Participant: 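A single structure is presented below for examination.
Since the model is a prediction, treat every value here as computed from it, not as a measurement. Both backbone and side-chain heavy atoms feed into the values below; hydrogens, waters and symmetry mates do not.
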Amino acid sequence: MSPADILDDLQARGLVHDATDRAALRARLAEGPITVYAGFDPTAESLHVGNLVPLLLLRRFQSFGHRPVALAGGATGMIGDPGGRSSERNLLDPATLDRNLAAIKGQLERLLDFGEGPAQARLVDNRDWTEPMGVLEFLRDVGKHVTVNTMLAKESVKARVESEAGISFTEFSYMLLQANDYRHLHQRLGVELQVGGSDQWGNITAGIDLIRRVAGAHTHGLTVPLVTRADGQKFGKSVDGAVWLSPEMTSPYAFYQYFVNVDDRDVERFLLQLTLLPLDEIAEVIVRHAAAPERREAQQVLARAVTGLVHGEAEADRAAGASRGFTRRASDLTVEEWEGLAASLPVIDVGPASVGQDLVEVLAEHGVVSSKGEGRRLVAQGGLYLNDVAVTEGRSLAADDLLQGTWAMVRRGKKQRYVLRRRPS
RNA sequence: GGGUCGGUGCCCGAGUGGCCAAAGGGAACGGGCUGUAAACCCGUCGGUUCUGCCUACGGUGGUUCGAAUCCACCCCGGCCCA
């Protein structure tokens with residue numbers, strides 16, 4: 001495959017939302033490997049699945065022989081991107097920012113190949129060149145080349161200028177910092193293409209304009225569409241909030257489950273956009289899925305592939321195993337299987353004193369329900385199960401409930417499962 | 001700095017002295033139907049030792065038998081003027 005084929009692949013997956021002069025971009029890609037960058041701001045302690053598409057985009061370019069540069073936005077993260085928001089962002093304190101930055105760097109490293117080679121990935125932090133820059137230097141070298149008129153015309157700014165809350169000068173400047181990043185990377189690393197989510201379009205073109213003005217060079221930009229869900233919910237939002245890439249914040253099992261539960265209407269698009277599976281393979285899966293949707297094969301293939309990318313093959317296998325355990329009866333599980341489940345599902349560790357205690361109380365203490373009242377309501381509605389049997393009012397945890405002397409399966413509603421484990425001694 | 005409007009439960013929002021744990025909507029949660037899908041239907045949705053008690057309507061203090069509702073001061077936000 002030639003380096004320019006990446007465009008056809010992206011097109012086929014529905015991953016091209018917007019691109020600068022496509023003919024020029026194709027011609028440039030045909031000449032050989034290009035250096036491509038995408039930026040990620042450390043606004044949280046982890047990236048989430050919403051970042052996955054732009055992140056995988058770098059990986060896709062790399063697999064076609066191009067050189068990816070992942071930018072962790074230590075500097076831009078301090079300012080806040082005004083795009084896609086209705087109100088001013090709270091500034092993060094430096095300690096939080098450092099912690100977020102370190103976590104995000106680790107996640108970026110997982111998804112790209114940093115091994116020696118012609119397409120070796122690089123990780124940069126825009127603080128390195130933004131911090132040393134003085135105000136006057138910034139205003140002369142960057143600000144002078146951009147008119148406020150064009151900045152005001154950008155969608156991300158326009159919406160905020162017209163809003164009641166307005167926009168601070170700080171966030172207004174965000175675009176210039178990102179434009180300067182592109183200029184810097186173009187000059188230092190020979191970056192010729194910036195990619196990102198569709199909300200980044202204005203920032204990307206600002207960079208392209210800046211580079212043309214100061215260096216007279218033509219660079220390129222490409223954005224991917226926002227991932228949407230058929231039911232109108234925001235992609236990447238689950239029962240417990242966002243679906244994070246960090247295993248501490250979203251367990252690999254919960255991560256896997258998010259994708260197993262994907263709507264039929266979304267599954268093909270997700271396979272195309274969130275996995276690296278070949279197009280023909282996806283087509284085959286979809287044909288089989290259409291014939292027997294109740295088997296949920298497409299969802300399982302999707303969950304397995306995405307979890308594998310983010311958490312590694314071993315964790316993905318484990319999560320898949322726990323997910324299949326969904327249909328198993330608690331009483332049939334072996335000690336080894338219980339231990340496997342405990343590694344994937346949330347665990348309720350109870351002491352000997354809990355045996356004989358009211359079950360609702362035990363669960364309230366461990367945060368499975370947020371209050372005893374909520375627990376009682378749940379029981380009254382028949383929504384709490386212990387070892388696959390609906391719990392009745394006043395039920396306490398008996399020694400007999402602990403299978404193999406240690407384990408019990410607690411289920412809340414249809415899907416939320418917990419492994420209850422008795423601590424020895 | 002002046003004026004003015006506002007700050008109610010996870011979010012939006014009604015409520016202007018007792019009938020208010022506070023309408024309505026959304027989100028969320030449980031049940032039913034299903035395929036660990038969608039749609040739809042029903043129920044729940046501050047805490048609790050539960051016909052009671054506690055906590056709660058930006059904060060503090062006050063008026064009153066009684067305040068989310070009235071008064072004073074303070075904090076925060078929008079808009080207009082400077």
Participant: Is the closest basic N to carboxylate O distance between Asp125(A) and Lys105(A) below 4.0 Å?
Facilitator: yes
Participant: According to side chain to side chain donor-acceptor pair (under 3.5 Å), who are the partners of Arg318(A), at least two apart in sequence or on a separate chain?
Facilitator: none
Participant: Considering only nitrogen or oxygen atoms on both sides, find all protein atoms under 3.5 Å from nucleotides 49-53 of chain B and state each distance.
Facilitator:
residue, atom, partner, partner atom, Å
rU49(B), OP2, Arg376(A), NH1, 3.3

Participant: Which nucleotide, in any strand shown, forms a Watson-Crick or G-U wobble pair with rC50(B), with both distances under 3.5 Å?
Facilitator: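 Base-paired to nothing in any strand shown.
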Participant: What's the gap between rU60(B) and rA67(B) when it is taken at their C1' atoms, as a whole Å value?
Facilitator: 15 Å
Participant: Hunt down the Watson-Crick or G-U wobble partner of rA72(B), both distances under 3.5 Å, from any strand shown, or write none.
Facilitator: rU60(B)
Participant: Under the rule for ring pair (Phe, Tyr, Trp, His ring centres under 6.0 Å), what residues qualify as partners of Trp407(A), not counting sequence neighbours?
Facilitator: Trp338(A)
Participant: Which residues pass the ring pair (Phe, Tyr, Trp, His ring centres under 6.0 Å) test with His220(A), sequence neighbours left out?
Facilitator: none
Participant: Write out a two-atom table: protein N or O, nucleotide N or O from nucleotides 8-11 of chain B, distance below 3.5 Å.
Facilitator:
none

Participant: rG46(B), OP1 or OP2 - any side-chain N/O from Ser371(A) closer than 4.0 Å?
Facilitator: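 No, because none of the side-chain N or O atoms of Ser371(A) sits under 4.0 Å from OP1 or OP2 of rG46(B).
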Participant: Could you measure between the two P atoms, the one in rC53(B) and the one in rA22(B), and give it in whole Å?
Facilitator: 14 Å
Participant: Just jot down the side chain to side chain donor-acceptor pair (under 3.5 Å) partners of Arg422(A), sequence neighbours excluded, or say none.
Facilitator: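 None.
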Participant: So, using salt bridge (Lys or Arg N to Asp or Glu O under 4.0 Å) as the criterion, who are the partners of Arg412(A) when residues are at least two apart?
Facilitator: Glu374(A)
Participant: For rC40(B), which nucleotide in any strand shown is its Watson-Crick or wobble partner with both distances under 3.5 Å?
Facilitator: rG32(B)
Participant: Between rU34(B) and rC40(B), how far is it from one C1' atom to the other, in whole Å?
Facilitator: 11 Å
Participant: Taking only residues two or more places apart in sequence, or in another chain, which ones meet Glu313(A) in a salt bridge (Lys or Arg N to Asp or Glu O under 4.0 Å)?
Facilitator: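 Salt bridge (Lys or Arg N to Asp or Glu O under 4.0 Å) check on Glu313(A) returns Arg304(A).
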Participant: Can you name the residues that form a salt bridge (Lys or Arg N to Asp or Glu O under 4.0 Å) with Asp113(A), not counting sequence neighbours?
Facilitator: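 Asp113(A) satisfies salt bridge (Lys or Arg N to Asp or Glu O under 4.0 Å) with no residue once adjacent residues are dropped.
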Participant: Can you list everything that forms a ring pair (Phe, Tyr, Trp, His ring centres under 6.0 Å) with His311(A)? Sequence neighbours excluded, please.
Facilitator: Phe255(A)
Participant: With both distances kept under 3.5 Å, what pairs with rG1(B), Watson-Crick or G-U wobble?
Facilitator: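 Paired with rC81(B).
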Participant: Quick one: what's the B/S/- string for nucleotides 37-42 of chain B, heavy-atom cutoff under 4.0 Å, read 5' to 3'?
Facilitator: BS----
Participant: When the nearest nucleotide of RNA chain B is assigned to Leu378(A) and to Ser370(A) on a heavy-atom basis, which residue is associated with the more 5' position?
Facilitator: Leu378(A)
Participant: Could I get the full list of ring pair (Phe, Tyr, Trp, His ring centres under 6.0 Å) partners for His184(A), not counting sequence neighbours?
Facilitator: Trp129(A)
Participant: For rG9(B) and rA56(B), measure between their P atoms and round to the nearest Å.
Facilitator: 13 Å
Participant: Any side-chain donor paired with an acceptor under 3.5 Å for Gln178(A) and Gln200(A)?
Facilitator: yes
Participant: Any donor-acceptor pair under 3.5 Å joining the side chain of Gln381(A) to the base of rG43(B)?
Facilitator: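 Check passes, donor-acceptor contact within cut-off.
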